[in-house]
Amino acid sequence: MGTFAGILATLATGAVTALQVAIGAFVIASVLGLFLAVVRVFSRNRLVRLGLAAYVEWMRNVPALAHLFLLYFGLATVGVRLSPLLAAVIGLGLVGAAVLCDVFAAGLKSLHVGQREAALAAGLTPGQTLRFVLAPQMFRTTFPSLANYTIALIKDTSIASAIAAPEIMFYARNLVTSTFETTLIYLAAMLLYAAMVLPVAWGFKRVELTMEEAR
């Protein structure tokens, strides 16, 4: 048990990094994803909409690991050197933006067009209409999908170890190499991921139940 506790303590350092990557990527994904969704739903420029559709399809259908490799190793060949942590945050954030673009766009399209027209007719600007009328309703509609994305994002931080970002799996592989305690180390890694994901899942569930009760 002493050995197992020591393994957990070592991997816990990587858990902090994993949470940093997840939080940073979530911010990029949610902000950029919402912006892209608004443009995709309300833009009348066919080229813009085609460009956004191409971006979403590309980011969603190419493995996230390939995007991280391109950011970390590919950019380095042209003189742009990102830290492993920054490359992981940007890469996962850009992939997440494509995912959330689809989620938010579907939420906006589910709202009756008359609400936007009525808000604009009442004197609200397009920005105020989005902020006060459309976004709150869209948020309630898309909340379960947003929760699922967040949980998946926390687990996906494990791929950042492939570019030497010091997260849980990075430390786990180093420990396996030096101690050969494969079972204990990967079991400890699994427990840490569960310890991060389960409270988040529980929190989202509580918020979802609260929103349902408030209807």
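When all heavy atoms of L68 and A160 are compared, the closest pair comes out as CD2-CA, 4.1 Å. Closest approach of A22 to I154, counting heavy atoms only: CB-CG1, 4.2 Å. Taking every heavy atom of both residues into account, G24 and V89 meet most closely at C-CG1, 3.6 Å.
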Evaluate the side-chain contact (heavy atoms from CB on, under 4.5 Å) criterion for residues S158 and Y193: first the C-alpha distance (whole Å), next the side-chain angles of each, then the deciding distance (0.1 Å), finally the verdict.
-> CA-CA 9 Å; S158 60; Y193 279 113; 3.2 Å; yes
CA sep, side-chain torsions, deciding dist, call: F170, T17, side-chain contact (heavy atoms from CB on, under 4.5 Å) = CA-CA 10 Å; F170 175 83; T17 301; over 6 Å; no
I would like to know whether F104 and V38 meet side-chain contact (heavy atoms from CB on, under 4.5 Å); could you show each step before the answer?
-> CA-CA 8 Å; F104 293 148; V38 171; over 6 Å; no
Would Y171 and I185 satisfy side-chain contact (heavy atoms from CB on, under 4.5 Å), going step by step from the backbone distance to the final call?
-> CA-CA 9 Å; Y171 283 106; I185 291 168; over 6 Å; no
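How far CG of L8 is from OG1 of T3: 11.0 Å, rounded to the nearest 0.5 Å. Note that CE of M169 and CG of L175 are 11.0 Å apart. Values are rounded to the nearest 0.5 Å. Going from atom CG of L52 over to atom CG of N45 covers 10.0 Å, rounded to the nearest 0.5 Å. To the nearest 0.5 angstrom, S178 atom OG is 13.5 Å from R173 atom CZ. Rounded to the nearest 0.5 Å, atoms OG1 (T157) and CG (L19) are 7.5 Å apart. The structure places CG of L192 at 5.0 Å from CD1 of I168, a figure rounded to the nearest 0.5 Å.
Using a 4.5 Å heavy-atom threshold, the side chains of L75 and R81 count as separate. Counting heavy atoms from C-beta on, the side chains of E181 and F4 never come closer than 4.5 Å. Annotation: side chain of V21 is in contact with side chain of L92 (closest heavy-atom distance under 4.5 Å). Two residues are said to be in side-chain contact when any heavy atoms from C-beta on lie closer than 4.5 Å; V62 and H67 meet this criterion. No side-chain heavy atom of V95 sits under 4.5 Å from any side-chain heavy atom of R60. Counting heavy atoms from C-beta on, the side chains of M196 and V200 never come closer than 4.5 Å. By the 4.5 Å heavy-atom criterion applied to side chains, Y186 and L11 are not counted as neighbours.
By the criterion of side-chain heavy atoms lying less than 4.5 angstrom apart, applied directly or through intervening Ile, Leu, Val, Met, Phe, Trp or Tyr residues, L32 is not grouped with L100; the two fall into different hydrophobic clusters. Under the 4.5 Å side-chain heavy-atom criterion for grouping Ile, Leu, Val, Met, Phe, Trp and Tyr, I28 is not connected to L82 through any hydrophobic cluster. Placement of M59 and L153 in two distinct hydrophobic clusters is found when ILVMFWY residues are connected by side-chain heavy-atom separations under 4.5 Å, directly or transitively. Under the 4.5 Å side-chain heavy-atom criterion for grouping Ile, Leu, Val, Met, Phe, Trp and Tyr, V48 is not connected to F42 through any hydrophobic cluster. Note on L34 and V56: separate hydrophobic clusters, where clusters join Ile, Leu, Val, Met, Phe, Trp and Tyr whose side-chain heavy atoms are under 4.5 Å apart, directly or indirectly.
A donor-acceptor pair is defined here as one N or O able to donate and one able to accept, closer than 3.5 Å; such a pair exists between the side chain of Q128 and the backbone of T125. Distance alone, capped at 3.5 Å, is enough to place a donor-acceptor pair between the Q137 side chain and the V133 backbone. In this structure a side-chain-to-backbone donor-acceptor pair under 3.5 Å is missing from T142 to V103.
Side chains of E167 and Q20: no donor on one and acceptor on the other come within 3.5 Å.
Proximity of the aromatic rings of F143 and F204 is defined here by a centroid distance below 6.0 angstrom, and this criterion is met.
With sequence neighbours excluded, the residues forming a ring pair (Phe, Tyr, Trp, His ring centres under 6.0 Å) with F73 are F69, listed by chain and number.
F35 does not carry R40 over the face of its six-membered ring by the limits of under 6.0 Å from the centre and within 45° of the normal.
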